J.: 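Below is a structure I'd like to ask you about.
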Amino acid sequence: MRPFEATKKYFQRAADQLGLAESFRTYLITPRRELQVQIPVEMDNGQLRSLIGYRVQHNRARGPMKGGLRYHPEVDLDEVRSLASLMTWKTAVVNIPYGGAKGGIAIDVSKVSVRELERITRKFVDEIHEMIGPDTDIPAPDMGTDHRVMAWIMDQYDKYHGFNPGVVTGKPVEYYGIPGREEATGRGVGLLTLKLLGRLGRKTAGARIAIQGFGNVGTHTAKFLAEAECKVVAVSDSTGGYFRADGIEVAKALRYAIEHDRLLRDYQEADRITNEELLELDVDVLIPAAIGGVITVDNARKIKAPVIVEGANGPVLPGADDVLDKEGRILLPDILANAGGVTVSYFEWAQNRQFYRWNLDRVRQELDKTLSTAFEETWEMSRNRNVSLRTAAFMLGIDRVARAATLGGIS
Ligand code: NAD
C-alpha cells in the first residue's frame, strides 16, 4: 500500500466517526498545491547530475503550512503527499497555528559530500523560494537533513527575499535556532511514552524498551527514556539491530555512533539481531523511529510488545493497525507521538519573529505542556468515543481543521 493511501484510510476512519460529508472529505484530504522540480547539480568530480525534488502544501486553514524536508533515495511524490497531510493533522492535534506541508529530494546523503549537499540544497531553494516563506510555508529537518541544511536554506532564501530567519526552523542554535529543537522530537516521544504507561497503570522504572532507528529521533528517545530509568534493551539503524538484556548503555552507543558516521556498525557491547527481530522482541514498549511501513499485516501478529509508540511517520500500515488493535495492543500514533519537533519548531519561529531569545528550560516546559494537553485530549476522545488513540487523534486534528476551514470560508 502506498503511503498516501494508508494516510487516507486513517483519515476516513476518523471522518466516519465525525460524520463528515463526502464532498468535505475530498476537500480536506486533497493537497492544496504540489510542486515537482528538477535540480541539476555539478558534482565534485565535474559530472552533471539531475535530481528530483518535491514540495507539497496540504492545507493552510489553521496557519502557514509547516513540514520537514526529507533527503532519502525512496522519496517520491506519493510519500511527500502523505507526509504533508500528516503534518496538517499533527499541527492541529497539538493545537499550534499551522497548516501542513512536506518536501524532499530523492537522494542518498551518505553518497554525497558536504559541499555537494550544500549545492543541492541551494539549487532546490532556487526552485522553491517563491513557494516558501515565513507566512506561507516553513520547512524543517526530517530524515537525511539537519541544522546545517536549514542554515543553507535560510541563507539562500535571504538572497531572493532579504533577511528572514522565520522561513525555516531547526537551524543551528548559534544561527537563529532555538535550544532544545534537536532533542525535541525524541524528548516528546519519550515523554509521551511515560505518560501512556502511567495512564495504563504500568510501571515506567525498568520498563523494557526497543527502539528502531538511531538517528535524531531514536537517539534522543533512547537518551530520555534511559534517564527516566527505563531499560533500553535494543536499538537499531540501517546496519541492523543491537540487543542487550541488561540494557544498552545509551551514552556509550551514542558516542560510538558519533565516531562512526552516525552508525552502530560493528558495535561490540551488544548482541547482533536483525531489524525484523527487533520489532518482534518481547518488550514492554516498541518504538519504531526510523522509516515508514515497517509493521505490515505480515509481521503484525509477531509483534509481542503490548505498547507501540510511533516515533517515525507512518511505521504501521492500516492492515497491521487493525491486527494490533484487535489483539488489544495500545498504539500511540505518529501525529501525536512525534509532534514534539514541530512544536519546538513553532517556538523557534515565534522567537525569530519576535527577536526574543528563549532558554532551554522554557522550551522544555512549554513543550511538555503542549504535548501533555494534546495527550490528555486524545486520551479523553478515545475513551469517550470508544475508538483507538489513532482514530481519536485524527478526529481531534480533522475537527480543528474543518472548523477553521468553515469559519474562514472555503469557496
Ligand atoms: P535520521 O536520518 O536522523 O535517522 C534515521 C535512522 O533510521 C538512522 O539511524 C538510520 O540508520 C535508520 N534507518 C534507516 N533505514 C533503516 C531501516 N531500513 N531499518 C532500520 N533503521 C533504518 O531521521 P530522523 O530525523 O530520526 O527521522 C526518523 C523518523 O522520524 C522519520 O520517519 C521522520 O519522518 C520522523 N520524524 C522526524 C522528526 C525530526 O524532528 N527529525 C520529527 C517528526 C518525525
Side-chain angles (χ1 to χ4, degrees), residues 3 7 66-75 79-80 82-84 86-87 89-91 93-94 100 102-104 107-110 117 139-150 168-171 177-178 180-189 192 210-223 234-242 253-254 256-258 260-265 267 273-279 286-295 299 309-316 333-346 348 367 371:
T7 305
K66 186 87 189 83
L69 263 191
R70 178 175 287 195
Y71 289 1
H72 189 272
E74 276 157 36
V75 162
E79 181 184 74
V80 177
S82 163
L83 293 166
L86 283 177
M87 287 306 297
W89 319 127
K90 188 180 299 185
T91 51
V93 171
V94 289
K102 200 81 181 191
I107 185 172
D108 184 346
V109 284
S110 69
L117 197 66
D142 191 73
M143 267 175 91
T145 58
D146 59 11
H147 55 276
R148 284 174 315 178
V149 174
M150 301 305 123
V168 64
T169 58
K171 300 178 292 295
I178 194 168
R181 171 60 184 90
E182 200 169 307
E183 69 174 22
T185 307
R187 183 184 172 81
V189 172
L192 292 171
I211 303 174
Q212 183 183 57
F214 206 57
N216 175 290
V217 181
T219 54
H220 286 292
T221 301
K223 234 173 108 188
V235 295
S236 74
D237 62 21
S238 55
T239 67
Y242 303 83
L254 194 50
Y256 183 91
I258 289 168
H260 295 83
D261 279 340
R262 308 213 157 256
L263 292 172
L264 289 166
R265 181 183 285 120
Y267 184 60
I273 54 172
T274 64
N275 257 300
E276 292 70 39
E277 285 167 338
L278 179 138
L279 295 174
L286 171 65
I287 306 182
I291 52 171
V294 291
I295 303 182
N299 64 358
V309 178
E310 292 187 323
N313 283 313
V316 178
D334 46 10
I335 56 170
L336 172 57
N338 68 31
V342 72
T343 302
V344 175
S345 273
Y346 165 54
E348 180 179 333
L367 171 66
L371 291 183

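Computed from heavy atoms alone, side chains included, the values below leave out hydrogens, waters and symmetry copies. Counting convention: from 1, in listed order, for ligands and their atoms alike. In this text the structure is predicted, and so the values were computed from the model without any measurement.
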J.: Just by distance, do the side chain of Y267 and the backbone of Y242 share a donor-acceptor pair under 3.5 Å?
T.: no

J.: For S345, check side-chain hydrogen bond (donor to acceptor under 3.5 Å, both in side chains) against everything at least two apart and list the hits.
T.: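 Counting only residues at least two positions away or on another chain, S345 forms a side-chain hydrogen bond (donor to acceptor under 3.5 Å, both in side chains) with T169, R181.
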
J.: Output yes when E79 and R70 qualify as a salt bridge under the 4.0 Å nitrogen-oxygen rule, no when they do not.
T.: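 Salt bridge present between E79 and R70.
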
J.: What does the N/O contact table under 3.5 Å look like for ligand 1?
T.:
from, atom 1, to, atom 2, distance (Å)
ligand 1, 2 (O), G144, N, 3.3
ligand 1, 3 (O), N216, N, 2.9
ligand 1, 9 (O), F214, N, 3.0
ligand 1, 9 (O), G215, N, 3.2
ligand 1, 11 (O), S238, N, 3.0
ligand 1, 11 (O), S238, OG, 3.3
ligand 1, 19 (N), N275, ND2, 3.3
ligand 1, 26 (O), N216, N, 3.1
ligand 1, 26 (O), V217, N, 2.9
ligand 1, 32 (O), R70, NH2, 3.4
ligand 1, 32 (O), A290, O, 3.2
ligand 1, 32 (O), N313, N, 3.1
ligand 1, 34 (O), R70, NH2, 2.7
ligand 1, 34 (O), D142, OD1, 2.7
ligand 1, 34 (O), D142, OD2, 3.2
ligand 1, 34 (O), N313, ND2, 2.8
ligand 1, 40 (O), T185, OG1, 2.7

J.: Do N275 and Q212 meet the criterion of a side-chain donor-acceptor pair at a distance under 3.5 Å?
T.: yes

J.: Examine the side chains of N216 and D146 and answer whether a donor and an acceptor come within less than 3.5 Å of each other.
T.: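 On atom types as modelled, these side chains do not qualify, holding no pair under 3.5 Å.
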
J.: Ignoring hydrogens, what is the shortest heavy-atom contact between T239 and L264? Give both atom names and the distance.
T.: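 For T239 versus L264, the nearest heavy atoms are OG1-C, 4.1 Å.
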
